[in-house]
Amino acid sequence: MTFAHLHVHSEFSLLAGVPSIEALVAKAAAEGMVSLALTDTNRMSGLILFYKECLARGIRPILGVELSEAARPGETVVLLARNAGGYGDICELITQRQLNTGTHAKKFSFAQAFAREWPDLILLTSFPRCLKALAAGPNRARLYGELIRNSPAARARSREIEALCAAEALPVAAAHDCFFLERADFEVHRVLRAIDLNSTLSRLKEGETAPEGAWFASAERMGDLFRDRPDALRNSGAIAEACDARLELGKWVMPEIQVPEGHTPDTYLAELAGRGLEANYGGKAEYVQARDIQKKELGVIGRLGYSSYFLMVKEVRDWASAALGAPFRRARDCSILRGSGANSITFYNLGVCNLDPIELDLYFE
């Protein structure tokens, strides 16, 4: 069973990771690796580019993320998607974190996020506190203690993880938490960290950068580092083989919008647009023209399957209008549209767009 890196950062780990997606995958291919994970910190912005690049080079992509709590950003859990459902789960968890880490929002925590089972995810952590908490939860069956030996501090923490896993009967997996491709790239990483921290290179403190040894180690070097723990290396390979997220790309995925009982997205959109039609044009000379345009647009929207999209944009606009009201701005000032959708009488009648297409002679086509 061949070794696979399961904890790797790219430039999408902003102001920390050094390699581009292309360089990262090329390095794995040059090392003869058959699988590779991408686990950027609290974001999955590079995963689709990574997925495509891996497939183009004959490497199995392992889609993942390094997730941290809001209150303890230094303690992380690595999530790896076992399948396409797991990729969707990562999307959901990242969304939870982004929504819950604002200044005035509830703080994101692992206790909250992992109180439910995520059967399509494999979890690894190199932090004893996190491991204890996750071991007591519903995701224990797919939980691994992550052993990292790229620095003295990481080795010391890994010894704690080994002892805890032995006591809890949990498996361990070997990883390296890579932030750059070559040892010399450490200086680039330090510059990025200094920029992020609004500091200088001379003022960087221990712990504010990744270890100097966090470069993309070969399978041979990983074998040397973990000669005493062949089970950890085998488990890394087994995890890589268990992760096979196959994504269907190149097609639109429309949102699923909850509509009142008895409605479909098409009928609910038509009802809301009808209310707006009466409010905007009722009793006016333009009413018949507006009604005919509305009917035509709803027919096109329904045939294309876009009703849920129009309803979703209305949800966003309504939320923004409420959230960004006084004292910041008036609700109707919150404009979020462009293109032909913004020209539509449907969005105007939904209260989403402020542009009257009849008054301004706009066309939906």
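Reckoned from all heavy atoms, side chains included, excluding hydrogens, waters and symmetry mates.
When atom types are taken as modelled, the side chain of N235 and the backbone of V172 share a donor-acceptor pair closer than 3.5 angstrom. No donor-acceptor pair under 3.5 Å is formed between the side chain of S13 and the backbone N or O of H9. D40 places a side-chain N or O within 3.5 Å of a backbone atom of S10 that can act as its donor or acceptor partner. Checked by atom type and distance alone, the side chain of K314 never pairs as donor or acceptor with a backbone atom of F310 at under 3.5 Å.
Two residues are said to be in side-chain contact when any heavy atoms from C-beta on lie closer than 4.5 Å; L181 and V18 fail this criterion. No side-chain heavy atom of M33 sits less than 4.5 Å from a side-chain heavy atom of K27.
A salt bridge between R275 and E278 is absent, with no side-chain N of the basic residue lying under 4.0 Å from a carboxylate O of the acidic one. A salt bridge does not link E31 to R57: none of the charged nitrogens lies less than 4.0 Å from a carboxylate oxygen. The pair R97-E69 does not count as a salt bridge, with every side-chain nitrogen at least 4.0 angstrom from each carboxylate oxygen. Ion pair D196/R193 flagged as a salt bridge, since at least one NZ, NE, NH1 or NH2 atom sits closer than 4.0 Å to an Asp/Glu carboxylate oxygen.
Side-chain N/O atoms of Q294 and N349 include a donor and acceptor closer than 3.5 Å. Counted by atom type alone, E75 and S68 present zero donor-acceptor pairs between their side chains at under 3.5 Å. Between the side chains of D356 and Y281, a donor-acceptor pair is found at a separation under 3.5 Å. In this model, no donor atom of one side chain and acceptor atom of the other lie less than 3.5 Å apart for H176 and N150. T125 and E146 form no side-chain donor-acceptor contact under 3.5 Å, judged by distance and modelled atom types alone.
Linking Ile, Leu, Val, Met, Phe, Trp and Tyr residues whenever their side-chain heavy atoms come within less than 4.5 Å places Y87 and L36 in a single cluster. The cluster map of Ile, Leu, Val, Met, Phe, Trp and Tyr, joined by side-chain heavy atoms under 4.5 Å apart, puts I90 and L14 in different clusters.
The salt bridge (Lys or Arg N to Asp or Glu O under 4.0 Å) analysis of residues 148-158, with sequence neighbours excluded, yields the pairs R149-E162, R149-D228.
Closest heavy-atom contact between L233 and A174: CD2-CB, 3.9 Å.
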